[in-house]
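Working notes, beginning with the structure itself.
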Amino acid sequence: MAVFLMLPIGVLAVEAFRATDPVTFAETWSTDSVAAITEGPYRRAYVGSLQLSGITALLGAVLGLALAVAILRARRSRLLRRLVLTASGVLANFGGIPLAFAFIATIGNLGVVTALLRDTLGLGLGGFSLYSMTGLGLVYLYFLIPLMVLTIVPALEALRSQWREAADNLGASGWQYWRHVGGPVLAPPVLGATMLLFASAFAAYATAAALVGSSVPLVTLQIANSLSGDVVVGSESRGKALALGMVVLIGLVMIFYAWVQRRTQRWLA
């Protein structure tokens, strides 16, 4: 914990408040870098990352929850559950440059599906571009939906059949059961899983870098540009300030996630 978590955060917290004089290269303490990330392209990068992460997390949560429910309700659910969870475990960790290349080769400008639609059927992708915020969101869903399935299936399985039987014996309808029993019990794990998806999308870098480069404003891409692509003296301090801002945001999300998980364990223990 101290070496791999607290030490890097401490270094970021210190270095984000350092400034380098462009003439003398002397280092001083300053809040200029922290103030700079709240405006201009850095602010747009935070907004872009928050929008992309929020939308993909919500879509991934809804689609992943629907898939998990369908798996558990299907016939031969034990075999199907095993197959889907195994595949989800692989796909949830399939990201970065290989995932970007797979989508480029499939629905990119010269992708297999794109060429098939254009040459065989005379159709296009309807104005859709893989190299945009929408295209990046589609790619993110490829690993967020399996992650949601892995996270929410144990919570769905923990719903006790006795609760449904008691509701039926008391004359409750299916809607009343989910409104007063199943829904409130599942709300914390679903919300917690959505926060986990948000954090995963917010921190993703390699896939976005390989797919859209700097054409889409994202905070992870801005950090990389500040640390390796910006030649202005002192730009690395802005990169560290951006990273510190990400740590703060993800920390708040994970604190909320931990609180939700504690409430979940009361019901599903």
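This structure is a prediction, so every number in the text was calculated from the model and none was measured.
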Indicate yes or no for a side-chain donor-acceptor contact from Ser49 to the backbone of Tyr46 under 3.5 Å, with no hydrogens or angles considered.
no
For the pair Leu50 and Phe198, evaluate side-chain contact (heavy atoms from CB on, under 4.5 Å) and give the outcome as yes or no after the intermediate values.
CA-CA 9 Å; Leu50 290 173; Phe198 176 87; 3.7 Å; yes
Any side-chain heavy-atom pair of Arg43 and Thr38 under 4.5 Å
no
Please walk me through it: do Val253 and Phe202 pass side-chain contact (heavy atoms from CB on, under 4.5 Å)?
CA-CA 11 Å; Val253 171; Phe202 190 72; over 6 Å; no
Output the distance between atom OG1 (Thr56) and atom CE (Met133), rounded to the nearest 0.5 Å.
10.0 Å
Checking side-chain contact (heavy atoms from CB on, under 4.5 Å) for the pair Val181/Leu159: CA distance, chi angles, key distance, verdict?
CA-CA 10 Å; Val181 181; Leu159 285 176; over 6 Å; no
What I'd like to find out is whether the side chain of Phe128 reaches to under 4.5 Å of the side chain of Ile107, using heavy atoms alone.
yes
If you count the non-hydrogen atoms of other residues, nucleotides and ligands that lie under 6.0 Å from CG in Leu5, is the total more than 12?
yes
Taking the side chain as every heavy atom from C-beta outward, state whether Val212 and Leu221 have any pair of such atoms under 4.5 Å apart.
yes
Any pair with a residue in residues 69-115 that passes ring pair (Phe, Tyr, Trp, His ring centres under 6.0 Å), sequence neighbours left out, goes on the list, sorted by first then second residue, please.
Phe103-Tyr142
More than 12 non-hydrogen atoms from neighbouring residues, nucleotides or ligands closer than 6.0 Å to CH2 on Trp29, yes or no?
yes
State, yes or no, whether a side-chain contact exists between Leu144 and Leu59 at a heavy-atom distance under 4.5 Å.
no
Leu136 vs Leu218, test: side-chain contact (heavy atoms from CB on, under 4.5 Å). Steps then yes/no.
CA-CA 11 Å; Leu136 188 59; Leu218 296 176; 3.6 Å; yes
If I take atom CG from residue Leu91 and atom CD1 from residue Ile145, how far apart are they, to the nearest 0.5 angstrom?
10.5 Å
Rounded at 0.5 Å granularity, tell me how far CG in Leu99 sits from CG in Asn93.
11.5 Å
Are Tyr131 and Ile104 close enough that some pair of their side-chain heavy atoms sits under 4.5 Å apart?
yes
For Tyr205, does its backbone N or O pair with a side-chain atom of Thr220 as donor and acceptor, under 3.5 Å?
no
Using a 3.5 Å distance criterion without hydrogens, assess whether the side chain of Ser173 forms a donor-acceptor pair with backbone atoms of Gln176.
yes
pair Leu156-Leu186: side-chain heavy atoms closer than 4.5 Å:
yes
Taking the side chain as C-beta and beyond, is there a heavy-atom pair between Glu157 and Arg81 under 4.5 Å?
yes
Give a yes or no on whether Leu7 atom CG has more than 12 heavy-atom contacts from other residues, nucleotides or ligands under 6.0 Å away.
yes
Atom OG1 of Thr114 and atom CG of Leu130: how far apart are they, to the nearest 0.5 Å?
8.0 Å
Side chains of Ile152 and Val190: closer than 4.5 Å at any heavy-atom pair?
yes
Quick one: sort the Tyr140 and Phe143 rings into parallel, tilted or perpendicular, breaks at 30° and 60°.
tilted
Hey, any chance Val248 and Phe17 share a hydrophobic cluster, counting ILVMFWY side chains that come within less than 4.5 Å of each other, even indirectly?
no
As an exercise, state the distance from CG of Leu249 to CE of Met246, rounded to the nearest 0.5 Å.
8.0 Å
